[in-house]
Amino acid sequence: MAAGDRTVLQFNAPSTASLSAKVHPLVIFNICDCYVRRPDQAERVIGTLLGSVLPDGTVDIRNSYAVPHTESAEQVALDIEYHHNMLVSHQKVNPKEVIVGWYSTGLGVTGGSALIHEFYSREVPNPVHLTVDTGFRSGEGTIKAYVSVNLALGDRQLAAQFQEIPLDLRMVEAERVGFDILKTTAVDKLPNDLEGMEVTMERLLALIDDVYKYVDDVVEGRVPADNSIGRFISDTVASLPKLSPPAFDKLVNDSLQDQLLLLYLSSITRTQLSLAEKLNTAAQIL
């Protein structure tokens, strides 16, 4: 075969040498929260990344939302209507945020990632794929960003290869504290409202005990008095409403009943959404 007749195997993609991404901590927190709240049968969570492309070419990822999906070894089904509705809602609040890519939880890319990336490639040119290890298997949150490079044989596209790009995760001190706590605290699920209230009340009682102990120590002369702390305690006590015990019990009971009603309504809503999703999936299969 002549040299001029040879078919060249090449990568068809924009240069990724100068391409980089910057992700805000809110996006990571949102992804972890969606992973904790995922359906029981879901192994991972995927969603859309919103942001903008800076003048220097850096992809600035500022927001995200999860997209319901069903995944098997052979196919991936996205709820495209939900994705578009969420995009319209987000752009009503911040029209400058556009689709810049998508995310998934877990380590690295999987077989279904190419199919999902192909969908987002129709939504935006050269989307960024962000992966977040929500299991913190290596002791820290492994966060990586990729872009897709098409492998072509002549005019025929054979496959897509993901190439990692530099990722910048910058945080202020308050965000760094939250991220460090997130890395060291592993939970299977978020507490419900009643469990959260119980934990909050126990912590409040412990703080009140600490205040009692401090005041007693000051009165007995074991600890020197601090005027700023005394004024703070005085302002806190003065801000409490003067209610009789029966009125306070009624207020707490009414608030508890309202919360139980909200839990019941949210449970019904989740059931209806789950049923609608299954019916929609069945209709697409048929």
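Predicted model, so just to flag it, every value in this text is computed and none were measured.
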Does one side chain, of H24 or D60, offer a donor that lies under 3.5 Å from an acceptor on the other? yes
Regarding R62 and S52, is there a side-chain donor-to-acceptor distance under 3.5 Å anywhere?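 Indeed, the side chains of R62 and S52 share at least one donor-acceptor pair under 3.5 Å.
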Under the salt bridge (charged side-chain N to carboxylate O under 4.0 Å, His left out) test, residues paired with [X] that sit two or more places apart:
X: R44; result: E71
X: D168; result: R170
X: K278; result: none

Let me check something: any side-chain donor-acceptor pairs from residues 201-215 under 3.5 Å, sequence neighbours excluded? List them with distances.
from, atom 1, to, atom 2, distance (Å)
K213, NZ, D217, OD2, 3.2

Measure the CG-CD1 distance between L130 and I165 for me, rounded to the nearest 0.5 Å.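 CD1 of I165 is found 9.0 Å from CG of L130.
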Could you tell me how the ring of Y120 sits relative to the ring of H83: parallel (under 30°), tilted (30 to 60°) or perpendicular (over 60°)?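 Y120 vs H83 ring planes: perpendicular.
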Output all residues satisfying ring-ring contact (aromatic ring centres under 6.0 Å, His included) with H90, sequence neighbours left out; order by chain, then residue number.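 Scan of H90 (ring-ring contact (aromatic ring centres under 6.0 Å, His included), adjacent residues dropped) gives Y65.
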Under 4.5 Å between any side-chain heavy atoms of F119 and P127, yes or no?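 No, side chains not in contact.
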NZ/NE/NH1/NH2 to OD/OE distance under 4.0 Å, R231 and D235: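 Salt bridge: no.
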Excluding sequence neighbours, so at least two apart, what forms side-chain hydrogen bond (donor to acceptor under 3.5 Å, both in side chains) with S266?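 side-chain hydrogen bond (donor to acceptor under 3.5 Å, both in side chains) check on S266 returns nothing, list empty.
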